[in-house]
Amino acid sequence: MRYSSFFIPSLKEDPKEAVLKSHKLLLRAGYVRQLSGGIYTYLPLGLKSLRKLEEVIRKEMNIAGAVELSMPFVQPLDIWRESGRDEDYGKELLRFKDRQDRDFCLAPTYEEVVTDLVKKNIKSYKELPLTLYQIHLKFRDEMRPRFGLMRAKEFIMKDAYSFDTNEIGLDESYKKMKHAYENIFKKLGFDFKFIKAEAGEIGGNYSEELMVFSEYGEDKIVICENCGYAASIDEASSVSDYKGPLESCRQPRMTKLFTPDRKSVEAVGEYLKVDRTCFAKTLIYETESGFIAALVRGDREMNERKLKKAAGVKNLFLAKEEDVERITGAPCGFAGPFNLKDINIIAIDDEINNSEYWITGANEKDAHMANVKPGRDFTPDIVADIRSVQAGDKCIKCSGTLTVKNAIELGHIFKLGEKYSSILNAKFLDEKGESRFFVMGCYGIGVGRTLQTLIEVFSDDNGINLPVSVSPFDIAVVNLNVNDEKITSVAEKIYTDLTAMGIDAIYDDRKLSAGIKLKDIDLIGIPFKIVVGNRTIKDNIFELSTKKNNTTETFDNLDSLYKRAEELLK
RNA sequence: CGGGAUGUGGCGCAGUUGGUAGCGCACCUGCUUUGGGAGCAGGGGGUCGCACGUUCAAAUCGUGUCAUCCCGACCA
């Protein structure tokens with residue numbers, strides 16, 4: 001491909017709308033352009049890379065025995081009403097009407113359509129198992145699209161759906177898919193891990209998320225280096241390492257302490273000269289079923305998802321300041337778990353329950369209460385693990401030391417069971433001639449997100465550094481001076497030869513200064529380059545550079561240059 | 001949907017107390033250049049997001065609205 005006839009609108013400066021390194025690079029390197037919030041055009045370069053990534057995925061899916069198809073992006077709303085997910089999906093489902101006033105939506109996912117398809121076309125156990133997949137658009141009207149392709153409204157996903165006769169078959173299909181995922185992400189060079197995801201709303205479901213570690217990941221994962229335990233921050237538990245209360249706090253009743261203007265745990269701790277671990281902090285939350293007071297140790301983070309689950313509420317957010325003042329009878333910063341008005345539930349972390357003699361707010365301006373004991377001084381309604389694990393905590397399985405890492409969710413695999421087949425009445429006949437529901441699984445990979453994550457992980461200040469398997473071109477031939485006939489004829493020959501060898505080369509033949517061309521080639525993520533300039537002609541030496549490790553090899557004849565290029569591209 | 005920020009040539013930005021809309025890069029023409037974002041000379045391009053209002057006068061002040069980005073609740 002000649003650069004001059006291709007379309008690579010690269011940007012010299014960072015676009016102001018991007019924050020993430022990978023997002024900036026996608027825009028600067030001319031991979032994508034945003035049309036509207038969360039809606040992107042894949043430019044030729046981005047599309048080429050995307051196609052290569054799809055091919056890596058497709059290959060492993062096919063090896064695993066999955067069969068590709070393509071389902072409609074526009075779907076009648078009826079099928080969503082039938083499954084009941086019309087309501088569940090809420091505003092994320094983008095609805096509209098056709099000219100005959102019938103309701104349609106853009107597909108946020110394809111369980112309904114694929115289940116309907118299989119229901120109508122598979123009648124016998126003899127035709128099972130079957131796994132169907134596609135690499136296709138999805139649309140979710142996200143409340144806040146962000147970070148480029150990381151969370152887009154319109155995005156490309158590989159989604160697969162398995163159909164089995166029973167749970168044993170499902171386990172088998174699930175294993176195959178999981179294995180395919182491991183191969184795909186290993187091939188791409190990611191540092192990743194499967195973690196068990198939150199159990200679905202409907203019982204019996206099992207799912208795992210494929211997480212890739214990256215500093216800029218939106219999710220937090222807890223890992224035990226000792227035993228391999230890994231779970232999301234909302235699922236992970238740790239063993240409490242509370243060492244016991246201070247001697248001075250072992251008192252038979254609560255003691256009021258004067259703490260003028262000290263509101264935060266940190267400030268009070270400094271003032272009283274006690275560690276933050278001696279505190280139980282009381283947070284007041286508002287929910288759809290009234291106010292909740294929740295307590296965790298002073299140095300801990302409340303895990304709101306765990307709290308939601310423990311309290312059995314759907315909506316949970318910190319109460320407004322005026323509500324806190326009304327409930328506690330004191331300004332914000334002095335809340336304690338007793339004498340609270342209008343509180344429906346007091347929830348405490350099990351770590352708080354397992355010990356006693358805590359320091360809390362006194363529900364009084366400028367005062368805290370020492371030696372507060374659960375059960376004696378207040379009665380908790382719920383005792384549960386509602387704290388977030390923090391680095392250094394002890395593993396719940398092996399007591400090893402836990403670490404917390406950021407990660408990006410690139411894949412999610414589910415055992416659905418009969419969830420959709422039963423709702424949509426999708427049945428086959430088994431060996432005994434009895435009607436049974438298909439036992440299903442579904443398996444997704446965010447393809448656009450994976451591309452961006454590759455760039456996030458594999459790039460430097462000079463530009464993108466994708467692995468050969470997904471880079472838009474294999475090699476770049478840079479003609480440093482198109483006005484020089486000798487240089488041009490050599491560069492053209494190299495380009496033509498490489499192309500004839502089946503190598504996907506881009507030939508930079510633009511009438512621009514050398515610096516611009518070299519910078520662009522570095523930016524857009526071509527792993528290898530051959531620079532042809534004065535030196536090439538003068539010394540009859542050919543250069544082959546590898547971007548990844550910033551090295552250049554030289555050759556005195558074209559044959560050895562080509563041989564080496566082929567070798568590197570293997 | 002709540003909280004915050006920003007909207008000025010293609011891109012990145014400046015624009016003071018309201019008074020002729022600017023800079024860098026990019027672009028066009030010509031010449032000279034070409035091993036890391038070239039030089040000289042000339043040139044084109046903007047309803048200052050949009051609407052209404054205040055004013056003799058609005059990029060600048062007010063109200064509203066839209067878009068984009070960031071933080072939170074959701075997710076591949």
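Below, read A as the first sequence line, B as the second, and so on, with proteins coming before strands; counting in each chain starts at 1.
- The same atom, P, is picked in B:rC70 and in B:rA58; the two are 36 Å apart, to the nearest Å.
- The residue from A:L307, A:I292, A:I345, A:N344 that alone fulfils the side-chain contact (heavy atoms from CB on, under 4.5 Å) condition with A:T287 is A:I292.
- A straight line from CG of A:D484 to C1' of B:rU33 spans 13 Å, rounded to a whole angstrom.
- The 5' end of RNA chain B is approached more closely, in terms of each residue's nearest nucleotide, by A:N462 than by the other of A:L149 and A:N462.
- Nucleotides B:rG43 and B:rG24 have their P atoms positioned 15 Å apart, rounded to a whole Å.
- B:rA14 and B:rU8 have their P atoms separated by 10 Å, with the value rounded to a whole Å.
- For A:N481 and B:rG35, a side-chain-to-base donor-acceptor distance below 3.5 Å is absent, hydrogens and geometry of angles not being considered.
- A distance of 9.5 Å separates OG in A:S388 from NZ in A:K220, rounded to the nearest 0.5 Å.
- With P as the reference atom, B:rG53 and B:rA41 are 48 Å apart, rounded to whole Å.
- Rounded to whole Å, the distance from CG on A:D14 to P on B:rC70 is 14 Å.
- Between A:Q34 and B:rC69, a side-chain N or O to OP1/OP2 separation shorter than 4.0 Å is present.
- Nucleotides B:rG15 and B:rU6 place their P atoms 12 Å apart, quoted to the nearest Å.
- At least one test fails for A:K138 against the ring of A:F155: distance under 6.0 Å to the centre or angle within 45° of the axis.
- A:K193 forms no cation-pi arrangement with A:F213, by the criterion of a distance under 6.0 Å to the ring centre and an angle within 45° of the ring axis.
- In this structure, A:E286 places its CD atom 16 Å from P of B:rA73, rounding to the nearest Å.
- A distance of about 35 Å separates the P atoms of B:rU55 and B:rG45, rounded to the whole Å.
- OP1 and OP2 of B:rA38 both lie 4.0 Å or more from every side-chain N or O belonging to A:K517.
- Between A:R300 and A:D349 there is no salt bridge, since no side-chain N of the basic residue sits under 4.0 Å from a carboxylate O of the acidic one.
- Taking atom C1' in both B:rG46 and B:rU33, the straight-line distance is 33 Å, to the nearest Å.
- Taking a pair as Watson-Crick or G-U wobble with both distances under 3.5 Å, the runs of three or more consecutive pairs in RNA chain B are B:1-7 with B:66-72, B:10-13 with B:22-25, B:27-32 with B:38-43, B:49-53 with B:61-65.
- Going from atom CZ of A:R28 over to atom C1' of B:rC25 covers 13 Å, rounded to whole Å.
- In this structure, A:D520 places its CG atom 16 Å from P of B:rG35, rounding to the nearest Å.
- Taking the side chain of A:K308 as heavy atoms from C-beta on, and the options B:rA73, B:rG12, B:rC70, the nearest nucleotide is B:rA73.
- By the 5.5 Å and 30° criteria, A:F317 is not stacked with the base of B:rA73.
- The residue A:V447 sits apart from the nucleic acid: no heavy atom pair falls under 4.0 Å.
- B:rA26 and B:rC11 are spaced 15 Å apart, taking the P atom of each and rounding to whole Å.
- A:L210 comes within 4.0 angstrom of no nucleic acid atom, judged by non-hydrogen atoms across all strands.
- In terms of modelled atom types and a separation under 3.5 Å, the side chain of A:T488 and the main chain of A:V482 share a donor-acceptor contact.
- Contact annotation for A:G533: base contact, defined as any heavy-atom pair under 4.0 Å involving a base atom.
- Here the side chain of A:K16 is nearest to one of B:rG37, B:rA73, B:rC13, namely B:rC13.
- Between A:F6 and A:F473, the ring planes lie perpendicular to each other; the angle is over 60°, past the 30° to 60° tilted range.
- Within the nucleic acid shown, A:F147 comes within 4.0 Å of sugar-phosphate atoms alone, with no base atom in reach, counting heavy atoms only.
- We find that CZ of A:F414 is positioned 9 Å from C1' of B:rA76, with the value rounded to whole Å.
- Side-chain proximity of A:S513 to the nucleotides B:rC70, B:rG36, B:rA38 is greatest for B:rA38.
- Under 4.0 angstrom from either OP1 or OP2 of B:rG35 there lies no side-chain N or O belonging to A:T536.
- Remark: the A:N540 side chain and the A:D556 side chain contain no N/O donor-acceptor pair separated by less than 3.5 Å.
- Going from atom OH of A:Y161 over to atom C1' of B:rA76 covers 11 Å, rounded to whole Å.
- Residue A:I516 has its side chain nearest to B:rA38 when only B:rA38, B:rC74, B:rG36 are considered.
- Between A:R151 atom CZ and B:rA73 atom C1' there is a gap of 11 Å when expressed in whole angstrom units.
- A salt bridge between A:E218 and A:R151 is present, with a side-chain N of the basic residue lying under 4.0 Å from a carboxylate O of the acidic one.
- With hydrogens and angles left out, the side chain of A:R140 and the base of B:rC75 share no donor-acceptor pair within 3.5 Å.
- Here A:R146 reaches the OP1 or OP2 of B:rG72: one of its side-chain N or O atoms lies under 4.0 Å away.
- An OP1 or OP2 oxygen of B:rC74 is reached within less than 4.0 angstrom by no side-chain nitrogen or oxygen of A:R144.
- Side-chain nitrogen and oxygen atoms of A:R305 include at least one within less than 4.0 Å of the OP1 or OP2 phosphate oxygen of B:rC74.
- Of the residues near RNA chain B, A:S10 and A:G448, the one whose nearest nucleotide (by heavy atom distance) lies more toward the 5' end is A:S10.
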Self-check item: Derivation and outcome, side-chain hydrogen bond (donor to acceptor under 3.5 Å, both in side chains), residues A:K158 and A:Y181
Solution: CA-CA 11 Å; A:K158 188 288 301 173; A:Y181 276 38; 2.8 Å; yes
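- At a cut-off of 3.5 angstrom, the base of B:rG35 holds at least one donor-acceptor pair with the side chain of A:E543.
- Checking B:rU68, B:rC75, B:rG35 against the side-chain heavy atoms of A:S36 singles out B:rU68 as nearest.
- Listed nucleotides: B:rG35, B:rA76, B:rG12. Nearest to the side chain of A:E17: B:rG12.
- Here the rule is salt bridge (charged side-chain N to carboxylate O under 4.0 Å, His left out) with A:D520, and of A:R510, A:K12, A:R28 only A:R510 fits it.
- For B:rG36, its base never sits under 3.5 Å from the side chain of A:K12 at any donor and acceptor pair.
- Contact annotation for A:A152: base contact, defined as any heavy-atom pair under 4.0 Å involving a base atom.
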